[in-house]
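All remarks here apply to the structure that follows.
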Amino acid sequence: MNISSSVIDKINEFYQWSLSVSDDRTKGWLMVDSPTPTVIYTVIYFIIVGLGPRCMKNRKPFKLTPILIPYNILMTLLNLYIAIELLVASSRLHYSYVCQPLTFINNKDELRLLKAVWWYYFSKLLEFCDTIFFILRKKDKQLTFLHVYHHSTMFSLWWIGVKWVPSGSTFLPAMVNSFIHVLMYSYYALSAFGPKIEKYLWWKKYLTILQLIQFTTALFLGIHGIKSGCKFPIWMQYLLVIYMISFIVLFGNFYANAYVQKDTTKKTDIYRNYKYTKNLACESTKNN
């Protein structure tokens, strides 16, 4: 009993200490002060992922086109706003793309950047709708480990970012990812119009390639920051490196299965059909 009480006390002490070193500039902002909202929403997300497909098992899939189109347009515009705000604010502040130390100033451009980072964090909550729409449309194959891992962890980790490191090098991954999400949600918005438009959306796989380039670049920047002694919290840089490795592995595996393996199978089928046709032609020639 004393041991468990001691452990709880130490956890509480660590939590109180962590609060004392959080960034004062984001205190009082929506869902920032306490981890409770982020934890609750994440738990609800997992419950929906676990129970949703079971509830939909004996139901017909919903046709959500009237919702999907405005939702994806909204997400496109929101990500465009975030990306532009981060680009403009970081340019005015002369932020470095390689190593930007954490700053604690309160000028207009710095606060503009902090607000954009908060919107980026909040957008990860809105992105839970992606999963809900998959479930309602009975697209259960889309509910992969990668999908659930990506959505749940991004929301949680960016709460940490907003609370402790909302400026400095934090701006870059949020800005780049927002630009990529502009393309991604534009693709989703167009594909929601159906097969007539979908056949022109040949660039889907290049979105995954862009994401892999993004993760690889972030990995190298994180390693460089650790080695060079960049004055940005070292724990955040190690967290970035580990997180990017997980993404490279998972997204790389997705790309290999979705595109490389499919292309290989397609080429094999073409070759087999060619050989079969050629053999038929030879047999026909012999018979004649």
Side-chain angles (χ1 to χ4, degrees), residues 6-43 82 86 89-90 93 95-106 110-111 113-125 146 149-178 211 214-251:
S6 177
V7 170
I8 292 172
D9 289 340
K10 287 183 178 180
I11 292 173
N12 185 56
E13 286 178 13
F14 175 78
Y15 177 66
Q16 294 302 323
W17 170 81
S18 69
L19 292 179
S20 69
V21 296
S22 63
D23 198 308
D24 289 336
R25 295 170 298 176
T26 58
K27 284 184 178 178
W29 290 18
L30 182 65
M31 301 194 303
V32 174
D33 286 351
S34 169
T36 303
T38 302
V39 171
I40 289 174
Y41 285 127
T42 303
V43 170
I82 294 168
L86 290 171
S90 62
L93 291 163
Y95 266 19
S96 169
Y97 283 8
V98 178
C99 167
Q100 177 57 47
L102 186 62
T103 56
F104 296 97
I105 56 179
N106 282 298
E110 187 79 9
L111 291 175
L113 186 141
L114 263 62
K115 289 176 182 177
V117 170
W118 180 87
W119 273 109
Y120 182 74
Y121 153 69
F122 185 73
S123 74
K124 299 304 150 189
L125 174 61
L146 168 59
Y149 171 77
H150 180 205
H151 281 65
S152 60
T153 56
M154 284 289 282
F155 180 52
S156 301
L157 290 176
W158 277 96
W159 173 76
I160 294 173
V162 171
K163 188 163 183 64
W164 280 278
V165 282
S167 63
S169 289
T170 298
F171 86 97
L172 185 59
M175 183 180 74
V176 174
N177 192 247
S178 292
Q211 287 175 310
Q214 173 200 350
F215 302 145
T216 305
T217 304
L219 172 63
F220 283 119
L221 287 175
I223 293 172
H224 175 269
I226 294 169
K227 287 187 174 182
S228 65
C230 177
K231 292 182 180 179
F232 187 76
I234 191 70
W235 62 269
M236 191 66 174
Q237 296 186 66
Y238 275 109
L239 182 61
L240 173 68
V241 168
I242 295 169
Y243 197 46
M244 289 305 102
I245 289 173
S246 71
F247 271 175
I248 290 169
V249 171
L250 291 171
F251 275 85

Roughly how far apart are Ile160 CD1 and Tyr121 OH, rounded to 0.5 Å? 10.5 Å
4.5 Å side-chain heavy-atom contact, Leu221 and Leu172: yes
Which label fits Phe247 and Phe251: parallel for a plane angle under 30°, tilted from 30 to 60°, or perpendicular past 60°? perpendicular
Do Leu125 and Met31 touch side chain to side chain, with heavy atoms closer than 4.5 Å? yes
Can you spot which of Ile223, Leu239, Leu219 makes a side chain to side chain contact (heavy atoms under 4.5 Å, CB included) with Met244? Leu219
For Thr103 versus Arg25, what's the shortest heavy-atom pair and its separation? O-NH2, 2.7 Å
Between His224 and Val98 the two heavy atoms that sit nearest each other are CE1-CG1, 3.5 Å
Considering only heavy atoms from C-beta outward, does the side chain of Ser22 approach that of Trp164 to under 4.5 Å? yes
Decide if atom OH of Tyr243 counts as having more than 12 heavy atoms of other residues, nucleotides or ligands within a radius under 6.0 Å. yes
For His151, all residues meeting side-chain hydrogen bond (donor to acceptor under 3.5 Å, both in side chains), sequence neighbours excluded: Asp130
Answer yes or no: is there a donor N or O on one side and an acceptor on the other, between the side chain of Ser169 and the main chain of Cys99, under 3.5 Å? no
Taking all non-hydrogen atoms of both residues into account, name the closest pair between Leu240 and Ala218 and its distance. CD2-O, 3.7 Å
Hey, what do you get for CZ (Phe171) to OG (Ser90), rounding to the nearest 0.5 Å? 4.5 Å
When you compare the side chain of Leu102 with that of Met236, does any pair of heavy atoms fall below 4.5 Å? no
Distance (rounded to the nearest 0.5 Å) between Ser178 OG and Leu86 CG: 6.5 Å
Return the minimal non-hydrogen interatomic distance between Asp33 and Lys163, and the atom names on each side. O-NZ, 3.2 Å
Spell out, as yes or no, whether a donor-acceptor pair under 3.5 Å connects the side chain of Thr170 to the backbone of Ser167. yes
Any side-chain to backbone donor/acceptor pair from Ser34 onto Thr36? Under 3.5 Å, distance only. yes
Should we say atom NZ of Lys27 is surrounded by more than 12 heavy atoms from elsewhere, each under 6.0 Å from it? yes
Distance from Ser18 atom OG to Ile11 atom CD1, nearest 0.5 Å? 12.0 Å
Flag side-chain contact, heavy atom, 4.5 Å: Trp118 against Thr26: no
Taking the inter-plane angle between the rings of Tyr120 and Trp158 on a 0 to 90° scale, is it parallel (under 30°), tilted (30 to 60°) or perpendicular (over 60°)? perpendicular
Hey, mind stepping through Phe155 and Trp159 against ring-ring contact (aromatic ring centres under 6.0 Å, His included) and telling me if it holds? CA-CA 7 Å; Phe155 180 52; Trp159 173 76; 9.5 Å; no
Drop me the distance from Leu113's CG to Gln100's CD, to the nearest 0.5 angstrom. 9.5 Å
Pair Tyr97-Thr217, side chain to side chain donor-acceptor pair (under 3.5 Å): steps then yes or no: CA-CA 11 Å; Tyr97 283 8; Thr217 304; over 6 Å; no
Is there a donor-acceptor contact under 3.5 Å from the side chain of Glu110 to the main chain of Asn106? no
Apply side-chain contact (heavy atoms from CB on, under 4.5 Å) to Asn177 and Met154, showing your working. CA-CA 11 Å; Asn177 192 247; Met154 284 289 282; 4.2 Å; yes
Kindly determine whether Asp23 and Val165 satisfy side-chain contact (heavy atoms from CB on, under 4.5 Å), including the steps that lead there. CA-CA 7 Å; Asp23 198 308; Val165 282; over 6 Å; no
For the CH2 atom of Trp119 and the CG atom of Leu30, what is their distance to the nearest 0.5 Å? 9.0 Å
Considering residues, nucleotides and ligands other than Tyr149, do more than 12 of their heavy atoms fall under 6.0 Å from its OH? yes
